[in-house]
Amino acid sequence: MPLVLYNTLSRTKEPFQPLHPDLVRMYVCGPTVYGDSHLGHAKSYISFDVIVRYLRFLGYRVLYVQNITDVGHLTDDADEGEDKLVKQSRIDRMHPMQLADMYTRSYYDDMDALNVVRPDIAPRASGHITEQITLIETLLSRDLAYEANGSVYFDVPHYAAYGKLSRRTLDEMNAGTRVEVKSEKRHPADFALWKRAEPGHIMRWPSPWGEGFPGWHIECSAMSMKYLGESFDIHGGGLENQFPHHECEIAQSEGATGRPFVKYWLHNNMVTVDGKKMGKSLGNFITLKDAFARWTPGVVRFFILQSHYRSTLDFSAEALEGAAKGLGKLVNTMRNVQQAAAANTTGTPSGIDLEKHHQAFLTAMNDDFNSPLAIAGLFDLSREVNQALGRGTPLAQEELNAIETFFATHAGEVLGLGIGTGRELSTSQSIDPELLSLFISLRADLRREKLWGLSDKIRDGLLALGIVLEDKKEGTAWKRVSAGQ
RNA sequence: GGCGACGUAGCCAAGUGGCUAAGGCGGAGGUCUGCAAAACCUCUAUGCAUCGGUUCGAAUCCGAUCGUCGCCUCCA
């Protein structure tokens with residue numbers, strides 16, 4: 001089955017056909033950097049990370065652009081609304097750009113920990129004011145925008161296709177109680193392309209309409225088209241950006257170019273807590289830095305990938321603990337294979353059909369990136385492998401290597417779980433392996449003498465330091481306390 | 001008020017017309033082990049919010065009802 005993906009534009013799964021045969025151009029809405037990232041950010045960026053990784057795995061060349069929003073958006077629709085970055089910087093007594101830089105670094109720290117591949121281009125809104133002004137001028141010249149008191153608004157009633165992504169009509173929006181009529185706007189649905197800066201406003205740039213700053217949606221249109229062209233393949237983002245943000249992006253972009261903007265719109269669903277959206281407004285968010293204090297980044301990543309990107313994912317400590325155990329099982333299997341391989345024996349084929357598992361993985365991922373189903377397949381393989389290892393008859397070196405490669409590729413690289421790639425996404429501090437092997441050797445002597453009390457003292461003592469010992473036929477293996485503890 | 005989702009075992013979560021409803025966690029029992037740990041084996045939803053309907057056949061399609069949530073203001 002070829003790759004199909006759910007396109008919000010059509011509300012159906014469509015076969016994936018990039019505009020150019022081997023090149024995929026993809027844009028994902030990045031964070032507004034005025035605070036630490038939380039689990040919701042992780043779900044979004046891990047989801048699109050796996051999509052990028054999988055497309056590359058399929059052989060596509062992917063150009064991945066993800067912006068950093070450092071201009072901020074207004075906290076409300078009124079003229080006196082304050083830029084979130086400016087507001088936070090006043091609270092923190094920092095320059096807005098200092099704040100933006102601080103949280104940009106914080107964001108990448110968290111994403112690096114989660115093994116999220118960095119975008120190929122990470123443009124900042126503040127660095128692309130010129131491009132945004134140019135785009136606004138184009139819209140003005142096309143009579144799709146108008147100036148009012150130093151601000152510029154998009155003229156929504158003059159743009160017929162408005163609403164095609166979110167499937168809303170202007171009538172419906174008129175009926176809505178939450179769209180306020182602004183005196184400057186000709187129509188309640190009109191949205192700002194450029195805002196006049198009031199005297200105290202710190203973030204301001206010169207423009208043909210006086211000093212001001214860009215509106216809430218124009219940056220993504222300007223930057224995506226600058227780096228990916230007027231038409232590109234995939235645009236991703238959180239579900240809550242579908243309207244108005246992405247609807248406005250389409251209007252601005254297609255209004256300016258007259259060409260289709262994006263072929264596939266992908267939206268990830270949210271992380272919930274007790275069934276409610278995790279977000280800044282509710283104050284129920286868990287920052288990634290807090291989460292990492294309790295679970296390793298790998299566990300967080302695994303937890304997120306165990307549900308589909310278009311499903312909501314309910315956070316609870318119990319669910320995270322379950323994910324930690326599950327990931328530990330896969331990591332153990334990998335370790336078992338590596339230990340068996342280290343024994344360097346000649347052996348017999350186990351009958352494990354890796355090609356079958358590969359096909360199952362492709363089938364799962366080709367169906368709109370069904371990572372939970374793909375992971376279920378990894379557990380199936382894991383069980384087969386452990387059965388084979390426990391059978392007593394050693395496996396051939398080549399087969400063990402093939403299994404190791406399979407895990408390293410599918411779980412480690414495509415899903416980014418780090419398994420078998422030498423990068424287990426663990427935060428625990430390292431322990432000297434040579435010192436450890438001395439203890440293990442000492443304990444082996446004690447066990448030979450059946451001095452169980454002393455040997456158990458070593459095992460318990462190491463456990464207290466976060467090391468688990470496992471006595472096997474081939475000898476004693478050790479590992480850090482299972483991922484996530 | 002408008003628009004749109006979702007409701008599968010104690011928890012997380014696949015499955016969207018057809019063998020006995022994936023997988024993980026948890027739980028019960030067992031094998032292995034000096035004891036553990038790890039691993040493996042067996043069991044753990046006659047049932048997919050409820051009630052109707054369509055169909056030879058529905059968790060899957062349609063309708064109603066109940067419940068939860070999202071968007072309509074910045075938000076991944």
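Reminder, nothing fancy here: chain letters follow the sequence lines and each chain counts from 1.
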[X] side chain N/O closer than 4.0 Å to the phosphate oxygens (OP1, OP2) of [N]?
{"X": "A:Asn241", "N": "B:C75", "result": "yes"}
{"X": "A:Lys277", "N": "B:G70", "result": "no"}
{"X": "A:Gln387", "N": "B:A39", "result": "no"}
{"X": "A:Lys329", "N": "B:C25", "result": "yes"}
{"X": "A:Ser166", "N": "B:C3", "result": "no"}

Please measure how far the [atom1] atom in [N] lies from the corresponding atom in [M], and state the result in whole Å.
{"N": "B:U46", "M": "B:C41", "atom1": "P", "answer": "24 Å"}
{"N": "B:U20", "M": "B:C66", "atom1": "P", "answer": "35 Å"}
{"N": "B:U33", "M": "B:A76", "atom1": "C1'", "answer": "48 Å"}
{"N": "B:C3", "M": "B:U65", "atom1": "P", "answer": "15 Å"}
{"N": "B:C25", "M": "B:A38", "atom1": "P", "answer": "11 Å"}
{"N": "B:U16", "M": "B:G7", "atom1": "P", "answer": "13 Å"}
{"N": "B:G47", "M": "B:U42", "atom1": "P", "answer": "24 Å"}
{"N": "B:C12", "M": "B:C75", "atom1": "P", "answer": "29 Å"}

Does a salt bridge link [X] with [Y], judged by any charged N lying under 4.0 Å from a carboxylate O?
{"X": "A:Arg53", "Y": "A:Asp49", "answer": "yes"}
{"X": "A:Arg196", "Y": "A:Glu198", "answer": "yes"}
{"X": "A:Lys13", "Y": "A:Asp367", "answer": "yes"}

- Query: Between the main-chain N or O of A:Cys220 and the side-chain N or O of A:Gln252, is there a donor-acceptor pair closer than 3.5 Å?
  - Reply: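 No, because the side chain of A:Gln252 does not come within donor-acceptor range (under 3.5 Å) of the backbone of A:Cys220.
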Just how far, in rounded Å, is [atom2] of [N] from [atom1] of [X]?
{"X": "A:Leu39", "N": "B:C75", "atom1": "CG", "atom2": "C1'", "value": "15 Å"}
{"X": "A:Asp380", "N": "B:G24", "atom1": "CG", "atom2": "P", "value": "7 Å"}
{"X": "A:Leu239", "N": "B:C3", "atom1": "CG", "atom2": "P", "value": "18 Å"}
{"X": "A:Leu330", "N": "B:A38", "atom1": "CG", "atom2": "C1'", "value": "14 Å"}
{"X": "A:Met270", "N": "B:C69", "atom1": "CE", "atom2": "C1'", "value": "8 Å"}
{"X": "A:His357", "N": "B:G23", "atom1": "NE2", "atom2": "C1'", "value": "13 Å"}
{"X": "A:Leu165", "N": "B:C72", "atom1": "CG", "atom2": "C1'", "value": "14 Å"}
{"X": "A:Glu247", "N": "B:G4", "atom1": "CD", "atom2": "P", "value": "14 Å"}

Nearest to side-chain heavy atoms of [X], which nucleotide of [options]:
{"X": "A:Lys325", "options": "B:A38, B:G70, B:G26", "value": "B:G26"}
{"X": "A:Glu240", "options": "B:C75, B:A22, B:A38", "value": "B:C75"}
{"X": "A:Asn370", "options": "B:A76, B:A14, B:C41", "value": "B:A14"}

- Task: Remember a base hit wins even if backbone is also touched, and classify A:Val271 as base, sugar-phosphate or nothing at under 4.0 Å, heavy atoms.
- Result: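 A:Val271: base contact, heavy atoms under 4.0 Å.
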- Reckon A:Asn268 touches a base, only the sugar-phosphate, or nothing at all at heavy-atom distances under 4.0 Å?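 The residue A:Asn268 makes base contact.
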Identity of whatever pairs with [N] - Watson-Crick or G-U, under 3.5 angstrom:
{"N": "B:G63", "answer": "B:C51"}
{"N": "B:A39", "answer": "B:U31"}
{"N": "B:C69", "answer": "B:G4"}
{"N": "B:U16", "answer": "none"}

- Message: Among residues at least two apart in sequence or on other chains, which ones pass side chain to side chain donor-acceptor pair (under 3.5 Å) with A:Arg335?
- Response: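 Residues passing side chain to side chain donor-acceptor pair (under 3.5 Å) with A:Arg335: A:Asn332, A:Glu470.
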- In terms of the nearest nucleotide of RNA chain B, which residue is placed more toward the 5' end: A:Lys43 or A:Gly275?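 Its nearest nucleotide being more 5', the pick is A:Gly275.
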- Query: Where each residue is assigned the nucleotide of RNA chain B containing its nearest heavy atom, which of A:Thr333 and A:Gly322 is assigned the position nearer the 5′ end?
  - Reply: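 Comparing both residues, the 5'-ward one is A:Gly322.
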- Message: Against the six-membered ring of A:Tyr153, is A:Arg186 placed for a cation-pi contact (under 6.0 Å from the centre, within 45° of the normal)?
- Response: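 Output no; distance or angle outside limits.
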- Message: Distance alone, cut at 3.5 Å: any donor-acceptor contact between the side chains of A:Ser316 and A:Asp314?
- Response: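 There is no such pair between these side chains.
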- Message: Checking A:Asn269 against A:Ser311: is there a side-chain donor and acceptor pair closer than 3.5 Å?
- Response: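 On atom types as modelled, these side chains do not qualify, holding no pair under 3.5 Å.
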- Query: Hey, do the aromatic rings of A:His267 and A:His246 have their centres closer than 6.0 Å?
  - Reply: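 Yes, the ring of A:His267 comes within the 6.0 Å limit of the ring of A:His246, centre to centre.
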- Item | Between A:Tyr107 and A:Tyr45, ring centroids under 6.0 Å |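 That pair passes the under 6.0 Å test.
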- Task: Evaluate the side-chain proximity of A:Val414 to A:Phe361: yes if any heavy-atom separation is below 4.5 Å, no if none is.
- Result: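 Side chain of A:Phe361 against side chain of A:Val414, heavy atoms only: contact under 4.5 Å found.
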- Message: Which residues in residues 302-315 of chain A have a heavy atom closer than 4.0 Å to any atom of RNA chain B?
- Response: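 Contacts with RNA chain B under 4.0 Å: A:Gln306, A:Ser307, A:His308, A:Ser311, A:Thr312, A:Leu313, A:Asp314.
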- Message: With hydrogens left out and only the distance checked, is there a donor-acceptor pair under 3.5 Å joining A:Arg168's side chain and the base of B:C71?
- Response: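 Between B:C71 and A:Arg168, which were checked side chain against base, a qualifying N/O pair under 3.5 Å is present.
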- Message: Testing the basics here: between A:Pro297 and A:Leu114, what is the closest heavy-atom pair and its distance to 0.1 Å?
- Response: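 What the structure gives for the nearest pair is O-CD2, 3.4 Å.
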- Message: So if I define the base as every atom that isn't primed, P, OP1 or OP2, how would nucleotides 28-36 of chain B read as a B/S/- string at a heavy-atom cutoff under 4.0 Å?
- Response: ------BBB
